[in-house]
There are 2 protein chains.
Amino acid sequence: MNIGQAAKASNVTAKMIRYYESIGLITAPIRTQANYRVYANEDVHALRFVKRARNLGFSIEEVRELLALWRDKSRASADVKSVAMKHVQDLETKIAELQAMARTLSHLARTCHGDGRPDCPILADLADPAASLAPVPGKPKRKARQEADCACHEDATLPA
Amino acid sequence: MNIGQAAKASNVTAKMIRYYESIGLITAPIRTQANYRVYANEDVHALRFVKRARNLGFSIEEVRELLALWRDKSRASADVKSVAMKHVQDLETKIAELQAMARTLSHLARTCHGDGRPDCPILADLADPAASLAPVPGKPKRKARQEADCACHEDATLPA
DNA sequence: CTTGACCTTCCCATTATGGGAAGGAGCATA
DNA sequence: TATGCTCCTTCCCATAATGGGAAGGTCAAG
């Protein structure tokens with residue numbers, strides 16, 4: 001099987017197959033005399049594995065670990081599970097960050113007229129988040145919960 | 001103010017300040033005779049604006065638009081709002097993708113013993129998602145809702 | 001033998017950020 | 001003044017994963 005056929009069969013582009021080979025993620029296949037790569041069904045299987053893992057958000061290095069575990073018939077499932085669980089944690093961290101951003105922005109957008117006037121709480125917040133701390137003076141207790149909910153006045157994320 | 005001081009005041013590294021200048025995101029400041037950059041308070045203000053927008057997940061190009069709107073005193077708030085709303089949508093799309101991944105993986109991890117045995121549904125799924133469609137034959141109706149909920153057997157994401 | 005589809009390698013671009021080298025500038029202290 | 005420390009300058013490289021495209025070789029069908 002040529003690289004193009006392997007690409008179709010695995011849903012991994014030829015470009016990426018070559019790349020994965022170059023970084024040692026997958027093993028280099030044999031070549032024809034014309035230097036064409038020749039893939040076996042097993043190789044396609046591995047490529048699909050990689051594809052699936054990438055779709056689940058694993059980094060290349062994590063995929064490398066998973067592939068090693070997959071090949072190691074005497075692995076402990078605990079090792080696989082810990083890789084997966086750590087990734088779930090990473091995902092959840094990222095989700096929380098994005099949600100904080102979305103909440104803040106949604107809140108700001110809600111308070112923006114969105115018409116022809118230049119007045120804009122969104123720009124005001126970007127220019128000076130502290131100044132938008134008290135957009136409506138008075139009755140702070142009623143808003144307490146909502147403000148906590150939108151986290152508008154924090155940095156939304158603490159990037160690593 | 002030197003670049004180091006501007007960096008501290010804006011919480012943007014000197015490295016990034018130079019970069020933002022190089023791509024025309026911020027205007028080049030005047031220089032001393034020794035070629036040192038000299039920043040005014042306004043510049044720091046703009047840098048804080050950029051920082052805040054970046055923290056909210058806007059791309060550099062989006063920040064560029066927002067800065068232009070900020071400087072344009074006759075902007076329409078609708079224009080700002082639309083940039084913000086589009087970004088909220090992007091964030092929500094991304095969140096949904098990550099959640100789909102997390103759901104799938106959590107489900108797989110839950111079904112994995114996580115002990116010394118090599119048996120592992122996680123690897124099994126990576127190797128062949130279709131095969132893990134019916135891990136427990138029979139009573140499919142009872143699982144219908146749960147399966148829909150975890151999306152395990154779809155690609156989890158449809159990357160752009 | 002030509003044509004078109006495929007393969008090869010190699011280089012470049014992307015996004016946003018950091019690291020680090022080599023050399024100049026500014027300031028304080030011995 | 002000379003030494004030294006901290007800051008500044010520019011320039012190059014690296015990251016993560018992927019795509020684009022050029023230049024040139026190969027294969028199969030007509």
Side-chain angles (χ1 to χ4, degrees), chain A residues 1-26 28-39 43 47 49-67 87 90-91 94 97-98 101 157-160, chain B residues 1-26 28-39 43 47 49-67 87 90-91 94 97-98 101 157-160:
Chain A
M1 192 178 347
N2 276 344
I3 197 170
Q5 300 170 294
K8 270 179 199 158
S10 64
N11 217 24
V12 176
T13 64
K15 204 96 190 188
M16 290 312 297
I17 295 177
R18 293 193 197 96
Y19 173 66
Y20 291 154
E21 178 189 326
S22 82
I23 61 171
L25 186 65
I26 60 176
I30 56 169
R31 305 274 188 136
T32 66
Q33 282 190 323
N35 207 29
Y36 282 23
R37 291 172 178 82
V38 178
Y39 295 91
D43 300 318
L47 284 169
F49 183 103
V50 172
K51 181 70 173 182
R52 171 78 172 149
R54 295 284 303 128
N55 279 345
L56 287 172
F58 288 102
S59 72
I60 299 273
E61 289 314 307
E62 287 165 334
V63 175
R64 199 187 294 274
E65 287 183 62
L66 291 170
L67 273 173
H87 181 48
D90 292 349
L91 287 169
K94 192 58 164 270
E97 286 174 8
L98 299 183
M101 295 177 191
T157 62
L158 305 172
Chain B
M1 196 179 339
N2 276 346
I3 197 171
Q5 300 169 294
K8 270 180 198 158
S10 64
N11 217 26
V12 176
T13 64
K15 204 95 190 192
M16 291 313 297
I17 295 177
R18 292 193 198 97
Y19 173 67
Y20 291 154
E21 178 189 328
S22 82
I23 61 172
L25 185 67
I26 58 175
I30 57 169
R31 304 272 188 137
T32 66
Q33 283 191 322
N35 208 28
Y36 282 23
R37 290 171 178 84
V38 178
Y39 294 93
D43 299 318
L47 285 168
F49 183 104
V50 172
K51 180 71 174 182
R52 170 79 172 149
R54 295 285 302 127
N55 279 345
L56 288 173
F58 288 103
S59 71
I60 297 274
E61 289 314 306
E62 286 165 334
V63 175
R64 201 188 294 274
E65 287 183 64
L66 291 170
L67 273 173
H87 181 48
D90 292 349
L91 287 169
K94 191 60 165 271
E97 287 174 8
L98 298 184
M101 296 177 191
T157 61
L158 305 172

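Chain naming here is simple, since letters A, B, ... match the order of the sequence lines and numbering starts at 1 in each.
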With 3.5 Å as the limit, what N/O pairs link the protein to nucleotides 28-30 of chain D?
none

Contacts under 3.5 Å, N or O only, protein and nucleotides 2-7 of chain C:
residue, atom, partner, partner atom, Å
C/dC7, OP1, A/Gly4, N, 2.5

Any protein N or O atoms within reach of nucleotides 16-19 of chain C? Criterion: under 3.5 Å, listing atom names and distances.
residue, atom, partner, partner atom, Å
C/dA16, OP1, B/Ile60, N, 3.1
C/dA16, O3', B/Arg54, NH2, 2.7
C/dT17, OP1, B/Arg54, NH2, 3.2
C/dT17, OP2, B/Tyr20, OH, 2.8
C/dG18, OP2, B/Thr13, OG1, 3.4
C/dG19, N7, B/Lys15, NZ, 2.8
C/dG19, O6, B/Lys15, NZ, 2.7

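Under the side-chain contact (heavy atoms from CB on, under 4.5 Å) criterion, A/Gln33 pairs with no residue at all, not counting sequence neighbours. When the side-chain contact (heavy atoms from CB on, under 4.5 Å) test is applied to B/Thr32, the partners found at least two apart in sequence or on another chain are B/Ala34, B/Tyr36, B/Val38. Take A/Glu21 and apply the salt bridge (Lys or Arg N to Asp or Glu O under 4.0 Å) test, not counting sequence neighbours, and it matches A/Arg31, A/Arg37. For A/Phe49, the side-chain contact (heavy atoms from CB on, under 4.5 Å) partners are A/Leu66, A/Leu67, A/Trp70, B/Leu123, B/Leu126, B/Ala127, not counting sequence neighbours. Every residue meeting the ring-ring contact (aromatic ring centres under 6.0 Å, His included) condition with B/Phe58, not counting sequence neighbours, appears here in chain and number order: B/His87. Contacts of A/Tyr20 classified as ring-ring contact (aromatic ring centres under 6.0 Å, His included), with partners at least two apart in sequence or in another chain: none. Partners of B/Asp90 under the side-chain hydrogen bond (donor to acceptor under 3.5 Å, both in side chains) rule, at least two apart in sequence or in another chain, are B/Lys86.
Judged as a salt bridge (charged side-chain N to carboxylate O under 4.0 Å, His left out), not a single pair has a partner in residues 9-19 of chain B (not counting sequence neighbours).
Distance NZ (A/Lys94) to P (D/dA16): 14 Å, rounded to an integer number of Å. In this structure, A/Gln33 places its CD atom 16 Å from C1' of C/dT8, rounding to the nearest Å.
Summarising the geometry, atom OG belonging to A/Ser22 is positioned 8.5 Å from atom CE belonging to A/Met16; distances are rounded to the nearest 0.5 Å. To the nearest 0.5 Å, atom CD1 of residue B/Ile26 and atom CG of residue B/Asp43 are 7.5 Å apart.
Between the side chain of B/Lys94 and the backbone N or O of A/Leu98 there is no donor-acceptor pair closer than 3.5 Å.
When the C1' atoms of four end pairs are superposed on the next four at each end of the helix from C/dC1-D/dG30 to C/dA30-D/dT1, using five pairs per end, the two resulting axes differ in direction by 30°, to 10°.
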